[in-house]
Protein chains: 2
Amino acid sequence: MATIKILYVEDEANLGTIVSETLEQKGFDVRLIADGNLVLQACLTFKPDIAVLDVMLPGVDGFTIGKNLRLQFPDLPIIFLTAKTQTKDVVEGFQSGGTDYMRKPFSVEELIIRIQNQLRLRNVQQVASEIIRIGKFIYHPKKLLLENGEHRWQLSSREAEVLDVFSRYINRTIDRKTLLLEVWGDDSFFHSRNLDVYIRKLRDYFGSTNGVQIITLKGKGYQFVVEN
Amino acid sequence: MATIKILYVEDEANLGTIVSETLEQKGFDVRLIADGNLVLQACLTFKPDIAVLDVMLPGVDGFTIGKNLRLQFPDLPIIFLTAKTQTKDVVEGFQSGGTDYMRKPFSVEELIIRIQNQLRLRNVQQVASEIIRIGKFIYHPKKLLLENGEHRWQLSSREAEVLDVFSRYINRTIDRKTLLLEVWGDDSFFHSRNLDVYIRKLRDYFGSTNGVQIITLKGKGYQFVVEN
DNA sequence: TCCGCTTAACCTTAATTAACCTAAATTGCT
DNA sequence: AGCAATTTAGGTTAATTAAGGTTAAGCGGA
């Protein structure tokens with residue numbers, strides 16, 4: 001594998017420099033950014049393998065950045081760093097799309113270990129995702145095939161793209177905007193009407209008696225309820 | 001798959017019991033084991049979705065157990081718990097096959113979050129079967145479903161959000177401000193009128209003869225009285 | 001204690017907004 | 001051209017918010 005690229009967002013200059021240098025000594029390619037507003041842009045150009053975000057940034061909230069990153073880069077591992085100690089901050093961190101969470105002060109060695117761990121987990125998961133179980137249904141994302149005991153459906157590509165998103169949010173809520181951004185790339189009015197059409201198609205596939213439901217959360221999105 | 005199964009290895013009896021009970025309250029199926037030598041055996045019979053290992057076990061070293069587990073169960077998420085603070089212990093944790101690592105003392109809430117995070121990273125399905133008993137009613141928060149023997153109601157998202165708060169305050173008082181802040185995020189005048197509307201809807205669901213009452217405490221909030 | 005004032009909560013309706021659904025139009029293949 | 005998939009369109013329905021009149025609890029002063 002090529003060098004691992006780390007996007008590191010940290011506003012404290014001293015800390016940022018020290019950590020960056022240490023990571024670079026260990027062979028990582030580090031892009032240090034102090035301004036939270038530049039993160040999305042940097043992700044597009046730098047294409048990091050992992051993002052490390054300080055949460056306590058001036059101006060923008062690190063969790064908000066995390067959420068936006070997650071929308072644009074569904075598979076990017078994100079480690080939050082924060083001085084906050086309350087459990088609810090940890091909760092918020094994971095809900096904001098984080099894949100790991102560390103409290104400050106932290107040791108750089110531990111950060112490195114956790115970075116490597118995240119990359120390892122991501123690889124494991126990517127290999128494993130050939131088949132996704134959705135209640136009594138089985139979805140083959142690579143083949144665009146959805147089946148249950150009785151039927152199999154060859155999905156169209158749009159149908160599959162929407163279901164891909166849903167399959168990552170089993171028994172969780174998906175906001176409409178996430179869906180629109182991931183599938184159509186923007187959340188304009190027309191695409192929104194469009195999404196309605198595909199929600200309808202998925203609901204038709206799942207039926208009303210198979211323990212898989214897409215519940216509308218008006219003004220928010222959907223709850224993808226899957227009974228086991 | 002039914003509920004999520006957690007293998008929890010902990011030799012301190014008190015701590016083990018408390019954590020197990022809390023996890024069970026949250027709907028997990030927990031197998032508590034005190035003796036590290038029994039872990040492999042328990043994994044074979046119990047088939048957990050995730051393992052939580054205390055590292056400081058008498059006799060066997062938790063890291064060694066982790067390594068063995070990893071050999072036998074390459075995809076099992078493992079969270080190490082330890083009082084050790086040194087970075088090298090964290091390093092050893094991850095090298096021993098761990099997928100996450102927490103320092104003692106820890107909050108059970110954070111443990112739950114990290115468990116769910118590990119499961120999410122592995123695409124293990126979360127359960128939709130969590131239920132809350134409210135007198136003769138059963139509320140399914142994940143499905144936004146309220147039922148008693150006679151009826152079932154698919155709640156709207158706002159109705160469910162308000163009931164979510166109430167369900168945490170069974171036979172206790174909730175102040176109006178708490179409700180407003182949790183559901184609408186602020187306690188402005190309009191949202192306050194708005195809350196009235198939803199209180200009314202909930203009262204309609206519960207009816208006047210089913211032993212569930214929302215009693216007004218004027219100027220303070222509500223008392224959520226539930227007979228058993 | 002009783003009366004009246006104040007204020008919070010109740011209740012109903014209207015307005016707004018979001019989502020649903022169906023079908024027609026368009027696009028993009030082959 | 002013909003077909004399937006996708007997008008566009010618009011009428012319909014439902015959830016939510018906003019508004020305002022009504023009721024009643026609580027409180028202070030006589």
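Chain identifiers are assigned alphabetically (A, B, ...) following the order of the sequence lines, protein sequences preceding nucleic acid strands; residue numbering begins at 1 within each chain. All values derive from a computational prediction rather than experimental measurement.
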Quick check on [N]: is either OP1 or OP2 less than 4.0 Å from any side-chain nitrogen or oxygen of [X]?
X      : N      : result
A:W184 : D:dT7  : yes
A:Y222 : C:dC20 : yes
A:R193 : C:dA18 : no
B:R158 : D:dT17 : yes

Measure from [atom1] on [X] to [atom2] on [N] and round the result to the nearest Å.
X      : N      : atom1 : atom2 : answer
B:L195 : D:dT16 : CG    : P     : 14 Å
A:L202 : C:dC20 : CG    : P     : 12 Å
A:K220 : D:dT17 : NZ    : C1'   : 13 Å
B:I199 : C:dA8  : CD1   : P     : 16 Å
A:Q154 : D:dA5  : CD    : C1'   : 13 Å
A:Y198 : C:dC20 : OH    : P     : 16 Å
A:H191 : D:dA9  : NE2   : P     : 11 Å
A:L155 : D:dA5  : CG    : C1'   : 13 Å

| said: Quick check on the helix from C:dT1-D:dA30 to C:dT30-D:dA1: what's the angle between its two end axes, five base pairs per end, to the nearest 10°? | reply: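 End axes: 30° apart.
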| query | Which of the following nucleotides, D:dT17, C:dA9, D:dT6, is nearest to the side chain of B:R176? | reply |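 Nearest listed nucleotide: C:dA9.
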| task | Just compare C:dC21, C:dC10, D:dT17 and give me whichever is closest to any side-chain atom of A:R200. | result |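 Given the options C:dC21, C:dC10, D:dT17, the side chain of A:R200 is closest to C:dC21.
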| request: Find which nucleotide of DNA chain C each of B:T216 and A:D196 is nearest to by heavy atoms, and output the residue with the more 5' nucleotide. | output: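 Comparing both residues, the 5'-ward one is B:T216.
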| Does A:S192 or A:V197 map to a spot on DNA chain C nearer the 5' end, using the closest nucleotide for each? |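 Whichever sits nearer the 5' end wins; that is A:S192.
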| field | Pair A:N117-A:R114, side-chain donor/acceptor within less than 3.5 Å | value |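 Short answer, no.
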| Which part of the nucleic acid, if any, lies within reach of B:S157 when heavy atoms closer than 4.0 Å are counted: base, sugar-phosphate only, or nothing? |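 Sugar-phosphate contact only.
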Does the plane of the ring in [X] sit parallel, tilted or perpendicular to the ring in [Y]? Use 30° and 60° as the thresholds.
X      : Y      : answer
B:Y101 : B:F80  : tilted
B:Y198 : B:W184 : tilted
A:F206 : A:F137 : perpendicular

| field | Contact check, side chains of A:L181 and A:K177, non-hydrogen atoms, under 4.5 Å | value |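 Result yes, sub-4.5 Å side-chain heavy-atom pair found.
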| field | side-chain contact (heavy atoms from CB on, under 4.5 Å) between A:L195 and A:H191, intermediate numbers included | value | CA-CA 6 Å; A:L195 173 59; A:H191 290 153; over 6 Å; no
| field | Aromatic ring proximity, centroids under 6.0 angstrom, B:Y222 and B:Y169 | value |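 Aromatic pair excluded; centres sit 6.0 Å or further apart.
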| Does any N or O donor sit under 3.5 Å from an N or O acceptor when you compare the side chain of B:K218 with the base of C:dA8? |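 Per atom types, the contact qualifies.
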| query | Do A:D54 and A:K104 pass the salt bridge (Lys or Arg N to Asp or Glu O under 4.0 Å) test, and can you show the C-alpha distance, the side-chain angles, and the key distance before you say yes or no? | reply | CA-CA 9 Å; A:D54 184 13; A:K104 286 185 176 183; 3.1 Å; yes
